[in-house]
Amino acid sequence: LEICETTFSEEVKSALRLPAFDSYEWEDAEIIHLMQTMFSDLGFIDKFNIPINTLREWLYEVYKHYNEVPFHNFRHCFCVAQMMYAITKQANLISRLGELECLILLVSCICHDLDHPGYNNIYQINARTELALRYNDISPLENHHCSIAFRLLEHPECNIFKHFDRETFNFIREGIIRCILATDMARHNEILSQFKEVVPQFDYNNRAHINLLCMILIKVADISNEARPMDVAEPWLDRLLQEFFAQSAAEKSEGLPVTPFMDPDKVSKPGSQVRFIGLVLLPLFEALGELLPDIIELIIIPVRVALDYYRHLNDSQSRTRKSLGD
Ligand SMILES: COc1ccc(NC(=O)[C@H](C)Nc2nc3c(cnn3-c3ccccc3C)c(=O)[nH]2)cc1
Ligand SMILES: [Zn+2]
């Protein structure tokens, strides 16, 4: 994996700030370099004097610790980091939250699915896997991703935080743990309702408010594929369903309960996306849009377009099914 020395052109750098950016147009080495570009463009390298070689070593270690699974692979972590970068620029998060909070958000995105096995928490718990036993069924995957993240940082040559004092490192560690654990979708309603409670009187000096905002931001970035153009978003949905179907096949062959929305015989892509976008994605994005109106144009309008697209697809598909009398 040759590390490319080239810096990217201005048009690549401006494309990097948009949801239309397609990670699958780039080689792995370029993706790693694009992540380095985000750190330097956000001023983190200078502000926190992160040695460039340490950053590269860390990014390469992260790259090696994502698995070749259909969805939760290194490209997914890049997509999540890139969406966080786009929101950071568009909503001017550096001036609202400061560099340190934004560093925590970007690093959390990059680490948030480290060593994902391609089988979700429901499988881990039902199959009583090593992770379920180790974490007592409490967000086993998210606890694992976060633990791997800090084990990588234990190696001095890739510890991007090695120049921080202990107090700041502890602040960063607490923030990353909070953000990564917040990506467990089982906690979706808990986190979203708490956030919606504080939005009307949101106070950027209130630690609890900032913590909730950071959890919402990483959640938004994590499930934001449908904010991207259809030709970028659809392959991700196919990869996700590939992963879910592999899990339901494993569940069937291991005599485990089969998660309903993962069953290939039951899932219609448009139908499940209409429900997901209408009931999960849009309410989440609109809650964030209440506080950060700058992201409405960037990611909420595109998601509404995607919802319309899937509604029409679903309607025409169900009409076709009726006429075929299935
Ligand atoms: C509340 O917990 C939930 C809610 C919904 C889902 N997933 C779905 O409804 C289906 C499979 N659709 C879906 N799920 C998606 C998308 C993006 N991320 N994402 C996803 C991936 C892994 C785990 C959870 C989710 C939501 C997407 O565009 N669509 C999974 C968990
Ligand atoms: Zn993820």
Side-chain angles (χ1 to χ4, degrees), residues 1-4 21-36 38 55-84 106-127 129-132 134-135 139-153 155 158 180 183-185 218 221-226 228 231-254 256 259 261-264 267 269:
L1 191 86
E2 76 296 338
I3 298 289
C4 31
F21 195 87
D22 186 356
S23 69
Y24 273 90
E25 288 175 3
W26 303 86
E27 298 297 319
D28 286 350
E30 293 171 312
I31 292 288
I32 291 173
H33 203 68
L34 286 162
M35 285 175 151
Q36 182 189 311
M38 293 181 211
L55 178 61
R56 285 187 177 149
E57 281 304 313
W58 174 71
L59 286 169
Y60 188 58
E61 274 306 298
V62 165
Y63 165 76
K64 285 190 294 186
H65 284 79
Y66 273 91
N67 299 316
E68 300 284 315
V69 290
F71 183 91
H72 290 99
N73 50 48
F74 178 67
R75 299 277 155 143
H76 167 64
C77 110
F78 172 78
C79 288
V80 176
Q82 190 263 330
M83 187 58 74
M84 182 64 78
L106 186 62
V107 171
S108 299
C109 288
I110 291 170
C111 298
H112 88 282
D113 274 331
L114 269 168
D115 193 34
H116 196 297
Y119 295 90
N120 71 6
N121 283 330
I122 298 169
Y123 175 87
Q124 302 297 325
I125 293 165
N126 288 341
T129 63
E130 167 56 33
L131 289 180
R134 186 184 308 159
Y135 294 112
S139 303
L141 285 177
E142 292 72 20
N143 271 297
H144 181 59
H145 305 319
C146 197
S147 175
I148 298 290
F150 284 98
R151 289 175 195 281
L152 296 185
L153 290 165
H155 307 306
C158 45
I180 293 181
T183 61
D184 181 352
M185 279 302 286
I218 191 168
D222 189 20
I223 61 175
S224 63
N225 291 325
E226 289 299 345
R228 300 178 184 278
D231 63 311
V232 177
E234 189 163 30
W236 278 109
L237 182 61
D238 292 336
R239 288 184 201 103
L240 179 64
L241 295 178
Q242 255 186 46
E243 207 169 277
F244 281 176
F245 295 160
Q247 174 173 323
S248 60
E251 288 166 339
K252 280 176 190 149
S253 72
E254 292 162 27
L256 298 169
T259 324
F261 64 74
M262 299 184 184
D263 197 329
V267 164
K269 236 163 78 169

Evaluation steps, ring pair (Phe, Tyr, Trp, His ring centres under 6.0 Å), between W58 and Y63: CA-CA 9 Å; W58 174 71; Y63 165 76; over 10 Å; no
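Looking at heavy atoms from C-beta onward, I32 lies out of side-chain contact with V62 at the 4.5 angstrom threshold. Taking the side chain as every heavy atom from C-beta outward, D222 and D113 approach each other to under 4.5 Å. Within the 4.5 Å cutoff, side-chain heavy atoms of H76 are placed close to those of H112. In this structure, the side chains of Y123 and E254 come closer than 4.5 Å at one or more pairs of heavy atoms.
Other residues, nucleotides and ligands place more than 12 heavy atoms under 6.0 Å from the CZ atom of R134.
Side chains of T183 and E142: a donor-acceptor N/O pair is absent below 3.5 angstrom, by distance only.
One finds a salt bridge joining R75 and D28 here, because a Lys/Arg side-chain nitrogen approaches an Asp/Glu carboxylate oxygen to under 4.0 Å.
When every heavy atom of F21 is checked against every heavy atom of L34, the shortest pair comes out as CZ-CD1, 3.7 Å. Nearest heavy-atom pair across I31 and F74 is CG2-CE2, 3.4 Å.
Two rings, from H72 and H145, have their centers 6.0 Å or more apart.
Under the side-chain hydrogen bond (donor to acceptor under 3.5 Å, both in side chains) criterion, K64 pairs with E61, not counting sequence neighbours.
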